[in-house]
Novice: 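One structure, pasted below without further comment.
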Amino acid sequence: SNLGFKISRENDLTKKEVMDLMSTVQHIDYHEMGSLFVILLSHGEIEAIYSTNSEIIHLFDIISHFTAENCPSLAGKPKVFIIQACRDYTDQALTGLECESDFLIAYATLPGHKASHHTAKGSMYIQELVHTLKEQPYNDLVSILRIVQYNVLERF
């Protein structure tokens, strides 16, 4: 990519395929890499997404693959998860990562809300994120996410 990332794109995975992929990604040697970005686009609930066959995948089950204990070569390195999915309320909460300080999880919407999605153009959040990353590749990520949030609210 233009930002120096190795990119892997997967489409329409079952829950088993998602979990197998996360296990494969977990076991990569990250010693020479500076960070991990995982971007998930799906339908979802407050702390879960749906697989292609409508199985619930709790985000904790995905993200926990990359804790310092489970993925030592990523310890202390930024791990960024961007979730484009609705966040309707359920009983499941993303807990268990309280002691992990090197995670950033960005959602396209607030809990209890649907994510903006244009039928022809797709995800407004992801479109704005890609645009802002291209326009400001050297800005820090938190600032970029704030700009994306502002622009989505203003433009869409």
Side-chain angles (χ1 to χ4, degrees), residues 1-13 18-19 21-22 25-26 28 30 32-51 56-71 73-90 92-156:
S1 76
N2 293 345
L3 300 175
F5 285 93
K6 295 177 184 176
I7 297 174
S8 173
R9 179 180 173 169
E10 304 292 336
N11 294 317
D12 301 326
L13 301 180
V18 169
M19 299 313 291
L21 177 61
M22 291 301 108
V25 173
Q26 169 189 354
I28 293 173
Y30 292 96
E32 299 298 320
M33 297 178 209
S35 62
L36 171 73
F37 272 72
V38 176
I39 302 174
L40 302 168
L41 287 75
S42 182
H43 297 283
E45 297 180 356
I46 190 122
E47 299 297 348
I49 59 171
Y50 293 109
S51 68
I56 293 174
I57 306 170
H58 296 286
L59 294 176
F60 177 79
D61 294 337
I62 293 172
I63 293 168
S64 65
H65 280 87
F66 306 101
T67 61
E69 181 180 339
N70 292 332
C71 187
S73 66
L74 265 177
K77 296 179 181 181
K79 291 164 278 297
V80 179
F81 292 83
I82 298 174
I83 316 298
Q84 167 63 44
C86 295
R87 298 186 68 203
D88 295 335
Y89 284 107
T90 65
Q92 176 69 22
L94 186 62
T95 59
L97 293 176
E98 293 85 3
C99 63
E100 301 289 335
S101 63
D102 48 10
F103 280 81
L104 175 77
I105 304 169
Y107 294 95
T109 189
L110 296 170
H113 292 83
K114 299 212 179 288
S116 300
H117 184 281
H118 189 276
T119 54
K121 296 180 181 178
S123 164
M124 294 168 227
Y125 182 79
I126 297 299
Q127 287 178 32
E128 189 60 36
L129 177 62
V130 169
H131 171 77
T132 306
L133 284 168
K134 286 180 181 177
E135 293 292 313
Q136 301 186 36
Y138 301 107
N139 205 346
D140 69 276
L141 185 58
V142 172
S143 295
I144 286 172
L145 292 172
R146 286 186 180 135
I147 292 166
V148 168
Q149 178 185 17
Y150 175 82
N151 288 344
V152 168
L153 290 172
E154 289 295 312
R155 293 183 186 172
F156 304 105

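These numbers come from the heavy atoms of this one structure, side chains and all, not from hydrogens, waters or symmetry mates. Computed from a prediction, not measured in an experiment: that's the story for all the values here.
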Novice: Just verifying a value: how many Å separate I28 CD1 and L36 CG, rounded to the nearest 0.5 Å?
Specialist: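 CG of L36 is found 8.0 Å from CD1 of I28.
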Novice: Which pair of heavy atoms, one from F66 and one from C71, lies closest together, and at what distance?
Specialist: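 Minimum heavy-atom contact is CA-CB, 3.9 Å.
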Novice: Does S51 have any side chain to side chain donor-acceptor pair (under 3.5 Å) partners at least two apart in sequence or in another chain, and if so, which?
Specialist: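 Counting only residues at least two positions away or on another chain, S51 forms a side chain to side chain donor-acceptor pair (under 3.5 Å) with N53.
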Novice: For a side chain to side chain contact (heavy atoms under 4.5 Å, CB included) with I49, tell me which candidate from L40, L41, I56 qualifies.
Specialist: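 When side chain to side chain contact (heavy atoms under 4.5 Å, CB included) is applied between I49 and each of L40, L41, I56, only L40 qualifies.
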Novice: Got I57 and M19 here, is their nearest side-chain heavy-atom distance under 4.5 Å?
Specialist: yes
Novice: Starting at NE2 of H58, measure out to CD of E45 and round the result to the nearest 0.5 Å.
Specialist: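 Between H58 NE2 and E45 CD, I get 7.5 Å after rounding to 0.5 Å.
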Novice: Output the distance between atom CG (L59) and atom CZ (F81), rounded to the nearest 0.5 Å.
Specialist: 9.5 Å
Novice: Rounded to the nearest 0.5 Å, how far apart are NZ of K134 and OG1 of T132?
Specialist: 11.0 Å
Novice: For a quick test of reading the model, state the closest non-hydrogen atom pair linking S8 to E10 and the distance between them.
Specialist: OG-OE2, 3.4 Å
Novice: Going by the rule side chain to side chain donor-acceptor pair (under 3.5 Å), which residues pair with S143 if we only count those two or more places apart in sequence or in a different chain?
Specialist: D140
Novice: Has S42 got a side-chain atom pairing as donor or acceptor with A85's backbone, closer than 3.5 angstrom?
Specialist: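 Not a single qualifying donor-acceptor pair exists.
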Novice: Any chance you could measure N151, atom CG, to E128, atom CD, to the nearest 0.5 Å?
Specialist: 4.0 Å
Novice: For side-chain contact (heavy atoms from CB on, under 4.5 Å), just list the numbers for V80 and I39, CA-CA rounded to whole Å, side-chain angles, deciding distance to a tenth of an Å, and then say yes or no.
Specialist: CA-CA 8 Å; V80 179; I39 302 174; over 6 Å; no
Novice: On a heavy-atom basis, which atom in S123 and which in Q84 lie closest, and how many Å separate them?
Specialist: OG-OE1, 2.7 Å
Novice: The criterion is ring-ring contact (aromatic ring centres under 6.0 Å, His included); which residues satisfy it with F37, sequence neighbours excluded?
Specialist: F5
Novice: Could you give the distance from CD1 (I147) to NE2 (H131), rounded to the nearest 0.5 Å?
Specialist: 10.0 Å
Novice: Nearest heavy-atom pair of K79 and K77: which atoms, and what distance?
Specialist: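 That closest heavy-atom pairing would be NZ-O, 2.7 Å.
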Novice: Side chain to side chain donor-acceptor pair (under 3.5 Å) between Y125 and Q149: does it pass, once the steps are laid out?
Specialist: CA-CA 8 Å; Y125 182 79; Q149 178 185 17; over 6 Å; no
Novice: Does any N or O in the side chain of N70 come within less than 3.5 Å of the main-chain N or O of Q26, such that one atom is a donor and the other an acceptor?
Specialist: no
Novice: Dump the intermediate steps for side-chain contact (heavy atoms from CB on, under 4.5 Å) on I126 and I82, then the final yes or no.
Specialist: CA-CA 9 Å; I126 297 299; I82 298 174; 4.2 Å; yes
Novice: Determine the minimum heavy-atom distance between I144 and Q136, stating which atoms define it.
Specialist: CD1-O, 3.4 Å
Novice: Specify the closest pair of heavy atoms between M33 and K6, including all atoms of both residues, with the distance to one decimal.
Specialist: CE-NZ, 4.1 Å
